[in-house]
Structure formats: structure tokens, C-alpha cells
Amino acid sequence: MENDKLLEDSFGRKHDYLRISITEHCNLRCTYCMPEEGITLTPKPHLMTADEIIAIAKTFVELGVKKIRLTGGEPLVRKDAREIILALGKLAINLTITTNGILVHHFTETFKTAGIRTINISIDSLVKDKFNTITRRHYFETVQQNIDLLLREGFRVKLNIVLIKGFNDVEIIDFIALTQHKNIQVRFIEFMPFNGNQWDKSKLVSYAEVLETIQTQYKISSIERLIDSANDTAKNFKIKDFKGSFAIVSSVTNPFCSTCNRIRLTADGKLKNCLFSNTETALLETLRAGESILPLIHQNLSSKNAVRGGMDDDLKFQNPTLFSQNRSMIAIGG
Ligand code: SAM
Ligand code: SF4
């Protein structure tokens, strides 16, 4: 097979967006991401070193990857995060990062040097007590300050909000209000089921419900639907005359699998062709043995299912027996 076809799956989808989880560790314990009891961490010798991350990333770039997002766990807690970011910044890609924002003030210069322009920050509540409850830690002010710091420093900032019914759905309008004077994008994410995250459908705030809530505050004529970029997982909107915008990521009620261009690499060097797939391809042993990982990449992509890791209807998708076979989100990298 030609190398430029290696990242194509059997449905003709080209995968040019690689998400790399660089650590399973995190300085928060978000309830929807991490089981209360924590996760069994992979022993260090089985995790990718910085050199291995860079080598695998380079292989993917040679095959056609154009965008890399660093994630985790919390990517910035990794001791050699700076070295990894700077090395990846030298590749001909759009490099981005998703972070909880706690350590961002130590990294603004690194981001600039590496050419990172857009940063996604997770913040699920604008109310201190609620933020602390959902993250099970106390970093509310730090995250707020770091969002403002990034804006001052000229970064494009996107805020990720996982909506949970009865908890933070009452803040949808407050988040939208942030976009009036600040050029940020707020992204409402439907709560997704993973191992140990106490998911159940009654906690889901759907795409339709988010829009209904927004329409209680803003006239339909002032809610503008923006043009989504190709392969966008979010549906994009803005309120007329507001500086920023908002988006809804509806993986549960409105999956976007048909245009999926994403592939994931876990911190222990396993390739996941879908967030929801529980089959993985180990790259690390082969890389360490000095052999080519190309056949493994091909095998992984050619086994990609059409829809959500094979859970092609809602009954399967919402079945705890099935979603518990997947990793917890903290060990995948969202
Ligand atoms: N620690 C970083 C952070 O929180 O931004 C990066 C890793 S985190 C796993 C990546 C994204 O996944 C975050 O925006 C988080 O809100 C989202 N996420 C985690 N669990 C989720 C779930 N069950 N449903 C939807 N999104 C989830
Ligand atoms: Fe950590 Fe991010 Fe998961 Fe929260 S969502 S526990 S910050 S990895």
C-alpha cells in the first residue's frame, strides 16, 4: 500500500489529526473523567518517552497528519512537557493543546515558541464551589487568572464545558455572556459515557436542550449559525454583535463519525482509532524493537468502525457493559 493511503480507513475517511495523550497523571479529579477511586497507572517503563512521542509523531506527519493536539491526563504536569511541545513545534503541523489551565502561566513562552496559537481550557463552572466540587480540587482562581493571561498574551482561547444536568446546565447563559466582550469560544460538550464515570442518560444535556436554553434568553434572530470548518466536531454559533462565539459538541445525540479525521495515541503508546473503541494497537514494543510501525498503523485504521467504535445505535452506546470495556477518559485523552 502507498504510504499516503495508510491513514485512510475502509470507509475512505482520511485521518490527518492526531491526538496524543502524554500522561495519565492529573492535578484534578474531574468526576466525569476519572473514577472516584482513581485509575491504575501504567508503570513508567511502559509509557512513551519524549523521544518516542516525537518519533511516532514524525512518522504520522510523514504519512499526512496536519494537526496534533496534546492532551492527557493533564499534559502540562509531565516533567518534560516543555521539551515535547518545543520538539513538536518544529514539525510542519498545526500544534494545539487541551489543558485544565492550572500550569499555563509557566508555559506561555513555550507555547509561543512552539507556534501554538489556540488553547482549549476545561472549565465546567464559573462558580467557585461548583468548580471545586466537580474537579475535587481547589484551583478556581488559578484557572480564571490563566484564562485572562492567555487572552492578554494574544492566544485564541476555547473553553470546554462538559454539561451535567442539574449541576452546571443552569450556567449556560452565564458562559454565553462571557462571549459578549471577550473574544473566546465556549464549547458545550455532551457528557459521554466511559468506564467508571457514573454516566447515565438522565445527566445528559443534549444539543437540543442547550439551544432551547439559549433561546430563552436570546431571540432566535440574534443566534447566528456559523459555518463549521471541515471535520469540525462542534456546531458553531454566535450571538449577534458579541465578540466571541459558542459551539456544541454533540457526540451522544448527534455523532459526527462520517467526517471523522481523528486518531488517538495513548500515553502507553497504543493507537485508538476512535474515542469509543475498546480495541487498541500497541506501537511501543515494535518501535523499541527497531521495527516499522507502519503495518500496525494500517491494521488499526483499516479496522475502524463506521460509527462510535461499533456502538452504532443508542442502546449499545448507552449500555454500561459495553462502555465499561473502554478506558476511563483520563487514560484516553479527550
Ligand atoms: N486535562 C486536560 C483538560 O481537562 O482539558 C486534558 C485532558 S481531558 C480528558 C480532555 C477533555 O475531555 C476535557 O475538555 C474534558 O472536559 C473532556 N472530557 C473528559 N471526560 C469527559 C466525558 N465523560 N464527556 C465529555 N467530555 C469529557
Ligand atoms: Fe484531569 Fe482533564 Fe480529566 Fe479533569 S478532565 S480529571 S483535568 S484529565
Side-chain angles (χ1 to χ4, degrees), residues 19-39 41 68-78 81 85 96-104 107 118-125 130-140 142-143 146-147 150 157-165 167-169 175 185-201 203-207 210 233-234 247-256 262 264-267 272 275-276 308 317-318 320 323-324 326-334:
R19 302 171 69 107
I20 308 179
S21 168
I22 62 171
T23 182
E24 296 172 350
H25 289 268
C26 190
N27 39 8
L28 294 182
R29 294 286 182 275
C30 304
T31 55
Y32 52 77
C33 176
M34 197 162 183
E36 178 122 47
E37 64 281 9
I39 58 161
L41 293 166
I68 294 181
R69 176 176 301 280
L70 296 179
T71 175
E74 170 48 39
L76 299 181
V77 300
R78 188 171 160 139
I85 294 169
T96 57
I97 188 163
T98 301
T99 166
N100 60 30
I102 294 172
L103 296 172
V104 150
F107 283 89
T118 307
I119 306 210
N120 287 36
I121 304 247
S122 303
I123 175 165
D124 302 303
S125 179
K130 287 169 87 169
F131 178 86
N132 291 347
T133 301
I134 197 142
T135 60
R136 302 187 181 116
R137 291 291 182 273
H138 297 85
Y139 287 106
F140 180 74
T142 311
V143 175
N146 279 345
I147 292 170
L150 288 173
V157 176
K158 299 185 180 185
L159 302 184
N160 285 357
I161 303 123
V162 177
L163 287 174
I164 298 179
K165 191 158 277 173
F167 181 74
N168 58 357
D169 49 342
F175 275 109
Q185 185 195 59
V186 297
R187 293 156 48 88
F188 300 110
I189 304 176
E190 287 182 346
F191 180 28
M192 297 183 276
F194 294 97
N195 188 28
N197 77 350
Q198 301 155 24
W199 188 88
D200 88 60
K201 201 177 176 185
K203 295 182 187 164
L204 177 77
V205 184
S206 68
Y207 170 83
V210 177
T233 55
I248 310 171
V249 183
S250 56
S251 327
V252 180
T253 65
N254 215 334
F256 27 77
R262 287 166 295 279
R264 296 179 149 80
L265 182 63
T266 61
K272 265 178 102 70
L275 187 54
F276 300 108
R308 292 190 303 211
F317 187 66
Q318 295 167 17
F323 67 70
S324 309
N326 196 357
R327 293 172 178 238
S328 298
M329 181 62 130
I330 182 126
I332 303 175

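The residues of the chain are indexed from 1 along the displayed sequence. Counting starts at 1 for both ligands and their atoms, in listed order. Values below: all heavy atoms of this structure, side chains included; hydrogens, waters and symmetry mates excluded.
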At less than 4.0 angstrom from any non-hydrogen atom of [X], what atoms of ligand 1 do you find?
| X | answer |
| --- | --- |
| Gly72 | 7 (C), 9 (C) |
| Asn197 | 23 (N) |
| Val162 | 16 (O), 25 (C), 26 (N), 27 (C) |
| Gly73 | 1 (N), 2 (C), 6 (C), 7 (C) |
| Asn100 | 2 (C), 3 (C), 5 (O) |
| Ile189 | 25 (C), 26 (N) |

Ring pair (Phe, Tyr, Trp, His ring centres under 6.0 Å) assessment of Phe276 paired with Phe194: CA-CA 8 Å; Phe276 300 108; Phe194 294 97; 5.7 Å; yes
Side chain proximity check, Val186 to Ile161, heavy atoms < 4.5 angstrom: yes
Aromatic contact, Phe188 with Tyr207 (centres under 6.0 Å): no
Give the minimum heavy-atom separation between [X] and [Y], together with the two atoms involved.
| X | Y | answer |
| --- | --- | --- |
| Lys130 | Ser125 | CB-OG, 3.3 Å |
| Ile164 | Tyr32 | CD1-CD2, 4.0 Å |
| Asn132 | His138 | ND2-CD2, 3.4 Å |

Derivation and outcome, side-chain hydrogen bond (donor to acceptor under 3.5 Å, both in side chains), residues Glu74 and Thr99: CA-CA 6 Å; Glu74 170 48 39; Thr99 166; 2.8 Å; yes
Look at [atom] and find which of [options] reaches it with the closest heavy atom.
| atom | options | value |
| --- | --- | --- |
| atom 5 (S) of ligand 2 | Ser122, Cys33, Pro75, Ser21 | Cys33 |
| atom 22 (C) of ligand 1 | Met192, His25, Arg69 | Met192 |
| atom 4 (Fe) of ligand 2 | Cys30, Cys26, Gly73, Gly101 | Cys30 |

Using a plain distance cutoff, I'd like to know if [X] has any nitrogen or oxygen under 3.5 Å from a nitrogen or oxygen of ligand 1.
| X | answer |
| --- | --- |
| Ser122 | yes |
| Phe191 | no |
| Glu74 | yes |

[X], portion touching ligand 1 at heavy-atom distance under 4.0 Å:
| X | value |
| --- | --- |
| Asn160 | side chain |
| Thr99 | backbone |
| Trp199 | neither |

Donor-acceptor pair, side chain of [X] and main chain of [Y], under 3.5 angstrom:
| X | Y | result |
| --- | --- | --- |
| Arg78 | Gly73 | no |
| Arg29 | Arg136 | no |
| Asn168 | Val162 | yes |

Min heavy-atom dist Cys30 to ligand 1 below 4.0 Å: no
